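Accompanying notes for the structure given below.
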Amino acid sequence: MEPRSDFLREMTWRGFIHQGTDQEALDGAMSAQPIVAYIGFDCTADSLHVGSLVPIMMLRWLQKCGHKPIVLMGGGTTKVGDPSGRDETRGFLDDEKIASNMAGIKRVFAQFLSFGEGPGDAVMVNNADWLDKLNYVGFLRDYGRHFSVNRMLTFDSVKLRLDREQSLTFIEFNYMVLQAYDFLELNRRHGCILQMGGSDQWGNIVNGVELARRTDQTALFGLTTPLITTASGAKMGKTAAGAVWLNEDRVAPYDYWQYWRNTDDADVGRFLRLFTDLPLDEIKRLENLKDAGINDAKKILADEATKMCHGEEAAKAAAETARETFEEGRLGAELPSIEVPRARLAEGIPAYELFRMAGLTASNGEARRLIKGGGARVNDAAIQGDSQTVGLEDLSDQGAIKLSAGKKRHALVRVRS
């Protein structure tokens, strides 16, 4: 049966929904009036990456469909560390580092959501506002008594760690209790009735639904998204060069654009559904393109994804750089670049070392393997061996040296006096 509410109908068609608690009742609530929903993000790094885009897009669509999104920053829960999907305890971060990470993450959301004081405007809250003030004994008495240890041991976040005989600290074991309490607190403070998150958060979300029912006799709801992998089975957001971060100071807009442009043919339709706002008819047209036409669909995916994250001007500049580099063979202005001292380049730098310095490989060893396999080029000429050096004589008329790792990844070396 097709959902009645615009949000659930859109999410179902686009492939966002994996599990839900009483979706029929949630559909009825969302059809009757605007609701408030949230997703939590712990502050373990100073940027989110592409792997976080699915929940971000859910909040975006929630707002587009007339509902109010809450972005919950985990200033409190980051001090504990979510054990979900991990084989070992996260490193503990101090308050200063958590605050710094939170500031970096906040910049991401301004691109995807509209914040303000209106009824449908997004708000950002920090769970440290209530978790830091908890009285431990009082919290255990009032809320801990509603959690069965027997049941907690059955949830994946705990069970998988124990099955692998990996240590699970007592503080991590408490994480699901704190997340459940977050949901209850957001309902009391903001009237929030829906928590969304990845499939690994199912147990934590269900605990929050049940806690509200037991303590406040309130009906809350949960939705989870499937784990998104590429056609090759790889986890979203990972490349040979590392994570694809959403903040511009971590991954340049051109590299971000290229990440989407390099999407596997088999993923184009699915990624257009998940990571763009394009309407149904346009996506169906694009995913049915064949042969060379699929490259046009990939460019549109890259344009739309980059525009959403970095703005329209950055997307246009990235697309133009790609056109100049791949279609005209010129050095595009937005290609990632590094600067090396003129004196150092005059001495000659091993090619493998430059590839590492430019971020095209993670290590000198990886660069040597790339050269040995014939995938490394300097100014479009194959490198003959890992003893080859690059020097001032390799500078082009445009004052740069072009490095290429395969056909799709490039960087420039410029001279610093």
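In this chain, numbering begins with 1 at the start of the sequence shown. This one's a predicted model, so the numbers in the text were calculated from it and none came from an experiment.
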**Q.** Approximate separation, where rounding is to 0.5 Å, of T224 OG1 and H18 NE2
**A.** 5.0 Å
**Q.** Which atom of Q384 lies closest to which atom of Q388, heavy atoms considered
**A.** N-OE1, 2.9 Å
Q. Looking at Y352, is R368 sitting on its ring face, NZ or CZ under 6.0 Å from the six-membered ring centre and within 45 degrees of the normal?
A. yes
Q: Would you name the heavy atoms of V123 and G116 that are closest together and state the gap between them?
A: CG1-O, 4.2 Å
Q) To the nearest 0.5 Å, how far apart are CG in L360 and CE in M357? A) 11.5 Å
Q) Should P226 and S199 count as side-chain neighbours, where that means a heavy-atom distance under 4.5 Å? A) no
(Q) Could you measure the distance from the CZ atom of F221 to the CD1 atom of I193? Nearest 0.5 Å is fine. (A) 5.5 Å
Q) Given the rule in the side-chain hydrogen bond (donor to acceptor under 3.5 Å, both in side chains) test, do D6 and W61 qualify, once you have shown the distances and angles that lead to the verdict? A) CA-CA 10 Å; D6 291 340; W61 276 109; over 6 Å; no
(Q) Assess, by modelled atom type and distance only, whether the side chains of T77 and N127 contain a donor and an acceptor separated by less than 3.5 Å. (A) yes
Q: Please say whether more than 12 non-hydrogen atoms of neighbouring residues, nucleotides or ligands are located less than 6.0 Å from CG in D249.
A: yes
Q: Go through the steps for D267 and R270 under the test salt bridge (Lys or Arg N to Asp or Glu O under 4.0 Å), then give the verdict.
A: CA-CA 5 Å; D267 288 326; R270 188 162 57 104; 2.8 Å; yes
Q.
As an exercise, state the distance from CD of Q33 to NE2 of H67, rounded to the nearest 0.5 Å.
A. 10.0 Å
Q. Do the charged groups of D265 and K298 touch, with an N to O distance under 4.0 Å?
A. yes
Q.
Under a 3.5 Å distance rule, please check whether Q63 uses its side chain to pair with a backbone N or O of G120 as donor and acceptor.
A. yes
Q.
Could you measure the distance from the CZ atom of F355 to the CG atom of L370? Nearest 0.5 Å is fine.
A. 6.0 Å
Q) Under a 4.0 Å N-O cut-off, is there an ion pair linking E347 with R344? A) no
Q) Between D129 and R189, is there a salt bridge with N-O shorter than 4.0 Å? A) no
(Q) Given 3.5 Å as the limit, does a donor-acceptor pair link the side chain of K68 with the main chain of D121, or not? (A) yes
Q.
Is there a salt bridge (Lys or Arg N to Asp or Glu O under 4.0 Å) between D281 and K284? Walk through the geometry before answering.
A. CA-CA 5 Å; D281 290 344; K284 285 185 174 179; 5.7 Å; no
Q | CZ (R342) with more than 12 external heavy atoms under 6.0 Å | A | no
Q) If you look at every heavy atom in L246 and H310, which pair is closest and at what distance? A) O-CE1, 3.2 Å
(Q) Around atom CD of E96, are there more than 12 heavy atoms from other residues, nucleotides or ligands closer than 6.0 Å? (A) no
Q. Do Q195 and Q201 have side-chain N/O donor and acceptor atoms under 3.5 Å apart?
A. no
Q.
Evaluate Y181 against L131 for side chain to side chain contact (heavy atoms under 4.5 Å, CB included), listing each step before the verdict.
A. CA-CA 9 Å; Y181 182 68; L131 294 182; 3.9 Å; yes
Q: Looking only at non-hydrogen atoms, find the nearest pair between L194 and L223 and report the distance.
A: CD1-N, 4.0 Å
Q. Between N379 (side chain) and D394 (backbone), is there a donor-acceptor pair under 3.5 Å?
A. yes
**Q.** Pairwise distance CD1(I283) to CG(N288) - rounded to 0.5 angstrom
**A.** 11.5 Å
Q: Determine the interplanar angle of the W260 and F275 rings, folded into 0 to 90°, and report it as parallel if under 30°, tilted if 30 to 60°, perpendicular if over 60°.
A: tilted
Q) If you measure from the Lys or Arg side-chain nitrogens to the Asp or Glu carboxylate oxygens, is any gap between R273 and E287 under 4.0 Å? A) yes
Q.
Whether R323 and E320 form a salt bridge (side-chain N of Lys/Arg under 4.0 Å from carboxylate O of Asp/Glu) is what I want to check.
A. yes
